[in-house]
Amino acid sequence: MSSTRTKIISLCIFLLAFPAICVVGVVFFKDRSVSFVLTGVVIAMLAGYFYIYEKKDSPAWELVIIALMSALSVMGRTVFAFLPSLKPCSAIIILTAIYFGRETGFMVGAFTALVSNFYFGQGAWTPFQMLAWGLTGYFAGMLGKWLVRSRILLLIYSAVIGVFFSLLMDLYSCLWFDGKVVFSRYLALISSAAWVTVSYAVSNVIFTALFMEPFGRIFKRLCVKYGIGIYRLQTNRSKGLTEDDKTADKAVREGQQ
Amino acid sequence: MCYFKTFDPTVPMTYLLCVMSICVFTANPYLQLCALFGGTVLLLCIKKKKALKLLALCAAVIAVMGGTNPLFVHRGLTELFHIGKDPYTLEALLYGLSTGCAIAGLLIWFSAFNAIVTQDDILAVFGKRMPKTALVISMILGFIPKLHDKYRELLHAQYGTGATRRKSLRRCASLFVACLACEAERVMDISLSMKARGYGLKKRTRAQRRRFRKSDGAAIVFSVGLCVLCFVLIGKGRLDYWYYPRLSPNGFDPLGVGSYLLLCVAPLFFIVKERTLWRYCPARN
């Protein structure tokens, strides 16, 4: 697929769709224009991203990994349901994104939100949730180089992203109610959702710490064995091995024994 | 629900989108009442007693939103009483109720959406336009039961060795990781076989189960037409309604409110027709 056409389409989304949504919101829904514009922009962003992804040539392993990791994090929501308000979804999304790149991370996040809502009920929150989890994965993929080296950075990232998105969601709901930021309401929302924020951050940290090592081992093995993910460019072994490569090799050898 | 299975899956989706696009974002209380009425009756017809819980939740949402809004917003001229120095105004109270109605309408109509539109319908609609997304979604829906089976198998194997039955985070996590380790290899084999069978070489072909009939087209035209009519009236300002500083005297446009009410209660026609047929036309032997 020609990349120029994809670029033109994505430019069109930014230059035409966003202003159109704003105009429609202001003309038709005067008091509630902000909520309409917010929803419209989020849906347009997701649609644009999915369109670009749809037109791109992506290898079969990528689709399969996205499907597997999304299924796993949807399952995680039910397997760990006996622990109140601890969910492994974000941790799984972050770890996948680190090893398989930011686009895979985004898609895993978006599909997790979409498909888990088949079971827990779709709603107006679906697009926001898709974008939030997608961006969790996307940023993790962008910072992947550093996050894969340092465990402490990874834990800090997962805690921060939990708090950050909770605050962002509160901001969204505040804008949705009033059409502008009423500071007292924002504070009230934050304090009423404080338990959710804390549990979100804590569960991110707990599950990242639990899964960091075994998931890393499995993913490294896959990456080395099939030449995908972060080791995609280093399939040619004559380029010299990095420290990570050596540990991965060791992991492969251990796996074979 | 089975009442709408005779239609193409695009029809209920378009219809619900038309209804929700207006009821969620409008500030006009008449339109909101229409949406709430239509949605409540539809939900009671589809889900019967199961809907009552959700309806109670919606009532609570409306009450909480209405009650708390004047605490944060002090606009409006009709003061009811004072809390500290701040006035508690009627307009803010009504605005809060209207916001609550928007959220309740959203909950009710999305609940109807979940009951009417199934996963198969979504895949059927988007499978043609977005083959890759549809492929991934159907793969996810296939992997989830397999992963669950694997998890249960491993758990029972642990029970077989005489382990305790108490659930702990550590054990669940280790089983979870084992599931991934098992499935990851198998899944990569799937991707290799996909590649070997020519994935990505040609356009995918797909079989269509249903055909788009004239009645489907008519239903879509009906719902989109009424929706567009409402939008035009909103754009002309005939359905405008404002709360501050005083409640607006107009906003009740018979044409707009009538057409939106017709849109909201349209599915009841099929339900009533079907029930009457089953009730009064029994098979003769």
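Note that the coordinates shown come from a computational prediction; the quantities given were computed from them, not determined experimentally. All chains are named by letter (A, B, ...) in the order of the sequence lines, taking the proteins before the strands, and each is independently numbered beginning at 1.
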Below 4.5 Å from any heavy atom of chain A, which atoms of [X] appear? Answer side chain, backbone, both or neither.
X: L107(B); value: side chain
X: L175(B); value: neither
X: S193(B); value: neither

side-chain contact (heavy atoms from CB on, under 4.5 Å) between M107(A) and V136(B): does it pass, once the steps are laid out? CA-CA 10 Å; M107(A) 296 315 274; V136(B) 173; over 6 Å; no
Show me, pair by pair, the donor-acceptor contacts under 3.5 angstrom made by side chains of residues 110-117 of chain A, not counting sequence neighbours?
{"unit_1": "T112(A)", "atom_1": "OG1", "unit_2": "S73(A)", "atom_2": "OG", "d": "3.0"}
{"unit_1": "T112(A)", "atom_1": "OG1", "unit_2": "V108(A)", "atom_2": "O", "d": "2.6"}
{"unit_1": "S116(A)", "atom_1": "OG", "unit_2": "R77(A)", "atom_2": "NH1", "d": "2.9"}
{"unit_1": "S116(A)", "atom_1": "OG", "unit_2": "T112(A)", "atom_2": "O", "d": "2.9"}
{"unit_1": "S116(A)", "atom_1": "OG", "unit_2": "A113(A)", "atom_2": "O", "d": "3.4"}
{"unit_1": "N117(A)", "atom_1": "ND2", "unit_2": "A113(A)", "atom_2": "O", "d": "3.4"}
{"unit_1": "N117(A)", "atom_1": "ND2", "unit_2": "T126(A)", "atom_2": "OG1", "d": "3.1"}
{"unit_1": "N117(A)", "atom_1": "ND2", "unit_2": "Q129(A)", "atom_2": "OE1", "d": "3.1"}

Chain B contact via L222(A) - side chain, backbone, both or neither, heavy atoms under 4.5 Å: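 The side chain, not the backbone.
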Using a cut-off of under 4.5 Å for heavy-atom pairs, which of [options] has the most such pairs with chain A?
options: M194(B), M188(B), R170(B); result: M188(B)
options: I137(B), L169(B), L106(B); result: L169(B)
options: E183(B), K146(B), E185(B), M20(B); result: E185(B)

Kindly state each residue pair satisfying ring pair (Phe, Tyr, Trp, His ring centres under 6.0 Å) with at least one member in residues 131-155 of chain B, sequence neighbours excluded.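 Output for this query is empty, none listed.
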Steps toward side-chain contact (heavy atoms from CB on, under 4.5 Å) verdict (F118(A), N114(B)): CA-CA 8 Å; F118(A) 282 144; N114(B) 284 328; over 6 Å; no
With under 30° as parallel and over 60° as perpendicular, where do the rings of F176(B) and F80(A) fit, or are they tilted in between?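 It falls in the perpendicular class, over 60°.
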Quick check: do L180(B) and I92(A) have side-chain heavy atoms less than 4.5 Å from each other?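 The answer is no, as the side chains (C-beta and beyond) never meet within the 4.5 Å cut-off.
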Is it true that a side-chain atom of K132(B) and a backbone atom of Y53(A) form a donor plus acceptor pair closer than 3.5 Å?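 A pair under 3.5 Å: yes.
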Looking at A67(A), S58(A), G76(A), P88(A), which makes the most heavy-atom pairs under 4.5 Å with chain B?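 Option with the greatest count: A67(A).
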Specify the closest pair of heavy atoms between A184(B) and L68(A), including all atoms of both residues, with the distance to one decimal.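 Looking at all heavy atoms of both residues, the closest pair is CA-CD2, 3.8 Å.
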